[in-house]
Amino acid sequence: MKLKVYADRMSQPSRAVLIFCKVNGIDFEEIKVELSKRQQLSPEFRAINPLRKVPAIVDGRFKLFESADINFCCLPFNTFCSVHSIRYPADLSRRARIHSVLDWHHQNLRRGAATFVLNTVLAPLLGLPLNRQAAAEAEKILISSLSTIENIWLKGNGPYLLGGLRPSIADLSLVCEIMQLELLDGKDRDRILGPHNKVQQWIESTRNATRPHFDEVHNVLYKLKTKLSEQQSRTPLTSKMLNGIDFEEIKVDISKRQHLSPEFREVNPLQKVPAIVHGSFNLSESHAILIYLASAFPGIADHWYPRDFFRRAKINSVMDWHHSNLRYGAVNYVTYTVLGPATGRPLDPKAAAEAEKVLLSSLSKLEDIWLNGDGRFLLGGSQPSIADLSLVCELMQFEVLDEKDRSRLLSPYKKVVQWIEDTRTATNPHFEEVHNILYRVKKKFELQRSRVAETGTEPSNKMGGHSKM
């Protein structure tokens, strides 16, 4: 009966087993188990492997899982007598050394490489959120593992692990693990592998020794890499802003009530912007989104949302204060003095006066408490956090006010005015580009005011505007 190999070629252990079988001429049937469709969780596959992982094999009534054990099964004294012993030498001391590499692999290289790629590239494809902290920890393990391979496991006269002249199952298993780095951005891959010259040569040696099967089995990675690159280039709105996060901006025009549409309600039942969709994960509320972005994506500078729990707690306290104080005062003041008619609301001098009291109190607290420190930013920071960005963006809506009114509100607060400029400078050119819509609205209002002064005719208050999702 023909050997059955249950595998998903996106899985490193699956690729190692498939290449091993192909290189050694083992007659087998490859049965695809698509992890992205959760086929490994089906009752049918559970009967093959109760652990519900790939790869697994069935040889008659014999079932086996775990990739290294599967490769051990294919020995000269086993059913598959055509297997050449160089893949798993007969010498017991050499076998023991190969076992030591494979055992090391599980807790080191595999743990680092698989977790890093998952949390930088693959997670959204599997309906999972990216995890910046997990990626950073995994990168440390990955870099340490590559150094160990370079300086210990490849320390020998031969081109392969343990000084071997021909590749072993350990070479195949570890190289297949590293091949998943193909999915990374080219610069990221070069940054990780570039310092390890022996490792790079060993990968090429193993690839050459197992061709054409190596490239054929890894073709799934090359296709996915191409697909990811095409997706990025196809989307004209995809931007790499300050923190290099790839995203698509979808405009939701509040003045046209697009946030009330059934389509947007599927994204955010609260029918407010901003909102994000990341794979199967939906999230609303700007502070929660900022925290998620700072935590889920690799490479975000620590100052935005520090890992230190005390500093995080302080930033959270500012953002909680923001909702009931600065936001309440600023939004209501601008709405009831300028923007109301554009959103279908009348101007309301009484509501504006009440909002101004809250606003001025909030600006005083910013000046005397939150900006009371050695640094230029909130809580004495030397660089901006997500709290600085959120609160400054709140104050930027004052750009639509009459210049005298804006100056009356802000000018008594010297620290606040300087802090706004420092945050603008630290985040330019993106700050200016995103706020350009406010500058255009400001010019429109200035023209309307000048016409009123010249003709005494009230302007139309219709104004288009969009918000960002």
Sidechain-backbone polar pair: Ser324 side chain, Asp320 backbone, donor-acceptor under 3.5 Å: no

Side-chain (Glu150) to main-chain (Asn197) donor-acceptor, under 3.5 angstrom: yes

Side-chain (His213) to main-chain (Ile19) donor-acceptor, under 3.5 angstrom: no

Pair Lys187 + Asp190, salt bridge at N-O below 4.0 Å: no

Greater than 12 external heavy atoms within 6.0 Å of Gln107's CD: no

Any Thr115 side-chain heavy atom under 4.5 Å of Asn119 side chain: yes

Donor-acceptor contact present, side-chain Lys63 to main-chain Ala47, <3.5 Å: yes

Verdict with reasoning, Glu399 to His435, per side chain to side chain donor-acceptor pair (under 3.5 Å): CA-CA 9 Å; Glu399 289 292 325; His435 283 98; over 6 Å; no

Close side-chain approach of Glu34 and Gln40, heavy atoms under 4.5 Å: no

Pairs involving residues 371-394, ordered by first then second residue, that meet salt bridge (charged side-chain N to carboxylate O under 4.0 Å, His left out) (sequence neighbours left out): Arg327-Glu394, Arg376-Asp422

Check: Ala134 main-chain N/O paired with Asn131 side-chain donor or acceptor under 3.5 Å: yes

Could you pull out every donor-acceptor pair under 3.5 Å between side chains of residues 259-267 and any protein atom, sequence neighbours left out?
unit_1: Ser261; atom_1: OG; unit_2: Gln258; atom_2: O; d: 2.9
unit_1: Ser261; atom_1: OG; unit_2: Phe264; atom_2: N; d: 3.1

Side chain to side chain donor-acceptor pair (under 3.5 Å) between Tyr6 and Glu30, worked out: CA-CA 6 Å; Tyr6 293 79; Glu30 178 183 351; over 6 Å; no

Enclosure of Arg97 CZ (heavy-atom neighbours >12, cutoff 6.0 Å): no

Minimum side-chain heavy-atom gap Ile276-Phe247 below 4.5 Å: no

Mutual orientation of the aromatic rings belonging to Tyr292 and His278 [parallel < 30°, tilted 30-60°, perpendicular > 60°]: perpendicular

Shortest non-hydrogen contact from Ala135 toward Thr120: CB-CG2, 3.9 Å

Arg211, CZ atom: more than 12 neighbouring heavy atoms under 6.0 Å: yes

salt_bridge(Arg111, Glu137) N-O dist < 4.0 Å: no

Within 6.0 angstrom of Arg207 CZ, more than 12 heavy atoms from elsewhere: yes

Whether Asp188 side chain and Leu184 backbone form a donor-acceptor pair below 3.5 Å: no

Whether Gln200 side chain and Leu193 backbone form a donor-acceptor pair below 3.5 Å: yes

Residue from Val101, Leu109, Val199 passing side-chain contact (heavy atoms from CB on, under 4.5 Å) with Trp153: Val101

Whether over 12 other heavy atoms sit under 6.0 Å from Glu285 CD: no

Verdict with supporting geometry, Ser390 and His287, side chain to side chain donor-acceptor pair (under 3.5 Å): CA-CA 8 Å; Ser390 187; His287 289 170; 2.9 Å; yes

Between Gln12 and Arg110, a side-chain donor and acceptor under 3.5 Å: yes

Test side chain to side chain donor-acceptor pair (under 3.5 Å) applied to His218 and Arg15, step by step: CA-CA 7 Å; His218 281 96; Arg15 294 195 300 273; 3.1 Å; yes

Test item: Ser145 side-chain N/O and Ile141 main-chain N/O as donor-acceptor pair under 3.5 Å: yes

Whether over 12 other heavy atoms sit under 6.0 Å from Asn436 CG: yes

Greater than 12 external heavy atoms within 6.0 Å of Lys198's NZ: yes

